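Note: hydrogens, waters and symmetry copies are ignored here, and every other heavy atom, side chains too, is used. This is a predicted model, so every value here is computed, not measured.
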Amino acid sequence: MCDYSLHHVASRPAKVGDKLVTTKFVNTPTGGFAAVDNPNVAVCLRPGTELAFEHDVECEPMLGILPSRKIGHRLARFRQINVEQPCVHHDALEFPDGKIVLVTRLREGQQAAVLQMPAAIRGERVAAAASGGGGGGGERALETALERLLSR
């Protein structure tokens with residue numbers, strides 16, 4: 001999903017293997033994800049999407065004068081919080097230790113890869129493949145991403 005303040009920004013859904021970068025979008029107060037090769041288009045994640053960052057994730061400093069805050073993890077799962085409140089940011093990442101950070105608080109320029117989509121999406125992809133609408137490219141991209149991550 002893309003946060004409420006990104007409704008007027010061009011967007012597309014995420015795919016397994018996408019290379020993403022954290023960014024602040026023009027004319028919005030919101031940060032989010034864009035494709036590395038197309039920074040003006042928001043890449044919308046579905047709850048449950050798993051990401052692997054190149055380095056430990058960092059958040060913007062609280063007051064703008066302090067150093068960025070390191071989370072200490074490279075892996076995260078996308079989720080939404082405070083969905084019952086319409087005019088607040090909902091997009092967040094949950095880290096292995098249970099810490100939850102709003103996506104809009106992430107430091108700009110961090111790169112990540114989409115490792116895995118939520119189970120419902122994989123099921124839809126399997127159905128599409130069975131009807132002739134897809135191949136096994138997503139599985140290979142996931143294997144490649146995992147091999148790169150494990151080689152570090």
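- Contacts of Glu58 classified as salt bridge (charged side-chain N to carboxylate O under 4.0 Å, His left out), with partners at least two apart in sequence or in another chain: Lys70, Arg107.
- Of all heavy-atom pairs between Ala34 and Thr23, the closest is CB-CG2, 3.9 Å.
- Partners of Asp37 by side-chain contact (heavy atoms from CB on, under 4.5 Å), not counting sequence neighbours, listed by chain and number: Ala35.
- Although no hydrogens or angles enter the test, the distance criterion places no donor-acceptor pair under 3.5 Å between the side chain of Asp18 and the main chain of Leu20.
- Residues Val83 and Gln85 are not in side-chain contact: their nearest non-hydrogen atoms beyond the backbone lie 4.5 Å or more apart.
- Between Met117 and Ala14, the shortest heavy-atom distance links the atoms CE-O, 3.5 Å.
- Residues meeting the side-chain contact (heavy atoms from CB on, under 4.5 Å) test with Thr22, sequence neighbours left out: Phe33, Phe53, Leu106, Gln110.
- Linking ILVMFWY side-chain heavy atoms closer than 4.5 Å, directly or via other members, places Val16 and Val41 in two distinct hydrophobic clusters.
- Residues that satisfy the side-chain contact (heavy atoms from CB on, under 4.5 Å) test with Asp56, not counting sequence neighbours, are Arg74.
- Applying the side-chain contact (heavy atoms from CB on, under 4.5 Å) test to Glu84 and every residue at least two apart in sequence or in another chain returns Asn82.
- Counting heavy atoms from C-beta outward, Ile100 and Ile81 have side chains that approach closer than 4.5 Å.
- Of the possible polar contacts, one joining the Lys24 side chain to the Thr104 backbone as a donor-acceptor pair under 3.5 Å is found.
- Residues satisfying the side-chain hydrogen bond (donor to acceptor under 3.5 Å, both in side chains) criterion with Glu108, sequence neighbours excluded, are absent altogether.
- Taking CZ from Arg69 and CD from Glu60, the interatomic distance works out to 11.0 Å, rounded to the nearest 0.5 Å.
- Here the SG atom belonging to Cys59 is positioned 9.0 Å from the CG atom belonging to Leu102, to the nearest 0.5 angstrom.
- One distance of note links CZ of Arg105 with CD1 of Ile71; it measures 10.0 Å at 0.5 Å rounding.
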Worksheet item: Would Val9 and Thr28 count as a side-chain contact (heavy atoms from CB on, under 4.5 Å) if you check the C-alpha gap in whole Å, the side-chain angles of each, and the deciding distance to 0.1 Å?
Response: CA-CA 9 Å; Val9 173; Thr28 74; 3.8 Å; yes

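- Here the side chains of Pro118 and Thr49 are in contact, with some heavy-atom distance below 4.5 Å.
- When hydrophobic side chains of Ile, Leu, Val, Met, Phe, Trp and Tyr are connected at separations under 4.5 Å, Val21 ends up clustered with Val36.
- Rounded to the nearest 0.5 Å, atoms CZ (Phe95) and CG (Leu93) are 5.0 Å apart.
- In this structure, CG on Leu115 lies 7.0 Å from CG on Leu51, to the nearest 0.5 angstrom.
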